[in-house]
Amino acid sequence: MQKLGISPNVITIVCSLKACGNTGNLSVGKKLHMDIIVEQLEGNPFATNSLIYMYTKCGSLDEAWHIFEEMHSPDIISWNSIISGFAEQGENERALALSKQMQEQGLLPDNTTLVGVLKAVANMEAFEHGRRLHAQVFHSCEDQSIDLIVATALVDMYCKCGSIVYAQQVFNKMETKDYVLWTSLLTGYAQQGYSDLLFQAYDSMKAHGLQPTAVTFLSLLNVCSHAGLINSAYSILEVMCGYGIEPDIKHLNCIVDLLGRSGQFFLAFAVLERLPIKPTYIIWSTILGHCRNHSISELAQYVFECAVSDEEVESAFFVVMSNLSSEFVSEEYEDVLHSCYGTSASSSLL
DNA sequence: CTAGGGTTAG
């Protein structure tokens, strides 16, 4: 559009910023920020709120905060954007403090604020805080019908805090249940290792006419992996394909994890060879973790070499490797680790 | 045209 000589307006920029946020494209996002200045849209609340959205989604919290701070009178959307953004990036205390600050300024929290705050509380596994918020939600809606998205956030929060019973209560009280609400409970069962409950709830969900999604299957595979249910995992893969859902790297990683956990490294490698895409360092980390459990140092060294050739490799991988190398990898290999200074290895080793 | 829900493993 710009090549045709058409200047962007607020709408163009707002839509593009959303796309940048969703894909984590910070460099284009910054360019759009400049466009806002060029087009003299700096005071426009839509443009400004969209900038906050884009920067938080791209992980540039300082930049988002800077813009928020400069606003003359941030509206509820500005507050919610910054609160959700901080919560999403794990800046939980900051998100909670901002919600408090917002209310001190006389703005009432709405459902969106609540969802952001619940996310922060879930991240912190702050059960008591979550209970208080739940009570607050309950009293604030007169007909006692909780908003579906708030309910989903509550179920997720209770599950992350380890309280399945409260999660079930919230879930059961909802008259309309969509597939995301169901999945939040299923994922909770998976996270807490309740495989029987998970399979029951999965059947029940289907009986209610809701279709499983790729995320549903990921929860099922996850629980199989932790419980060591290899055959169940294989049949889940088949069922998935029957629904026309192609297993992606996350699903296959569950399978690799399952095989590695039981020491079946050859099978794990066979799965990797059949991958349509190159294994990521994340998959190598999974295998590496199991090398440690099975004390196989030769394999660990091979896997290490595969992983460092991934340009996306992150420091977390080196943490796994460095824990392991202190146990049984040779000193010579420590040198290889150190030679990775300058990549993300340095931050984790120092 | 701006804000909110579920996503493996280590």
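It should be emphasised that the depicted structure is a prediction, and the values quoted were computed from it without experimental measurement. Heavy-atom basis, side chains included; hydrogens, waters and symmetry copies ignored. Reminder, nothing fancy here: chain letters follow the sequence lines and each chain counts from 1.
Taking a 4.0 Å limit (strictly below) on heavy-atom distances, residues 151-164 of chain A reaches DNA chain B at A/Thr152, A/Asp156, A/Lys160. Across residues 167-179 of chain A, A/Asp178, A/Tyr179 each have a non-hydrogen atom less than 4.0 Å from an atom of DNA chain B (numbered order).
Residues passing the side-chain contact (heavy atoms from CB on, under 4.5 Å) test with A/Leu185 are A/Val155, A/Ala167, A/Gln168, A/Phe171, A/Tyr189, sequence neighbours excluded. Judged as a ring-ring contact (aromatic ring centres under 6.0 Å, His included), and not counting sequence neighbours, A/Phe269 has no contacts. Taking A/Cys241 as the reference, A/Pro247 meet the side-chain contact (heavy atoms from CB on, under 4.5 Å) condition, with sequence neighbours excluded. In this structure, the side-chain contact (heavy atoms from CB on, under 4.5 Å) partners of A/Ile11, at least two apart in sequence or on a different chain, are A/Asn9, A/Cys15. Legend: residues meeting ring-ring contact (aromatic ring centres under 6.0 Å, His included) with A/Phe265, ordered by chain and number and at least two apart, are A/His294. Considering only residues two or more places apart in sequence or on other chains, A/Tyr55 meets the ring-ring contact (aromatic ring centres under 6.0 Å, His included) condition with A/His33. Among residues two or more places apart in sequence or in another chain, the ring-ring contact (aromatic ring centres under 6.0 Å, His included) test is passed with A/His72 by none.
Using a 4.0 Å heavy-atom criterion, one finds that A/Ser81 contacts the sugar-phosphate atoms exclusively. Here A/Asp147 lies in heavy-atom contact (under 4.0 Å) with a base. Residue A/Ile13 is classed as having no contact, given no heavy-atom separation below 4.0 Å to the nucleic acid. Contact annotation for A/Val150: base contact, defined as any heavy-atom pair under 4.0 Å involving a base atom. Residue A/Asn111 is classed as a base contact, given a heavy-atom separation below 4.0 Å to a base. Among the protein residues, A/Thr213 comes within range of the nucleic acid bases, having at least one heavy atom under 4.0 Å from a base atom. In this structure, A/Asp75 reaches neither bases nor backbone, as no heavy-atom distance under 4.0 Å exists between it and the strands shown.
Looking at A/Leu218 and A/Cys254, their side chains come closer than 4.5 Å, going by heavy atoms from C-beta outward.
In summary, contact between chain A and DNA chain B, defined as any nucleotide atom under 4.0 Å from a heavy atom of the protein, begins and ends at B/dC1 to B/dG10 in the 5' to 3' direction.
Residue A/Met54 comes nearest to A/Cys20 through the heavy atom pair CG-CB, 3.8 Å, listed as atom of the first residue, atom of the second, then distance.
Judged as a salt bridge (charged side-chain N to carboxylate O under 4.0 Å, His left out), the pairs with a partner in residues 160-181 of chain A (not counting sequence neighbours) are, in order, A/Asp156-A/Lys160. Listed by first then second residue, pairs satisfying ring-ring contact (aromatic ring centres under 6.0 Å, His included) with a partner in residues 200-221 of chain A read A/Trp182-A/His208, A/Phe217-A/Tyr243, not counting sequence neighbours.
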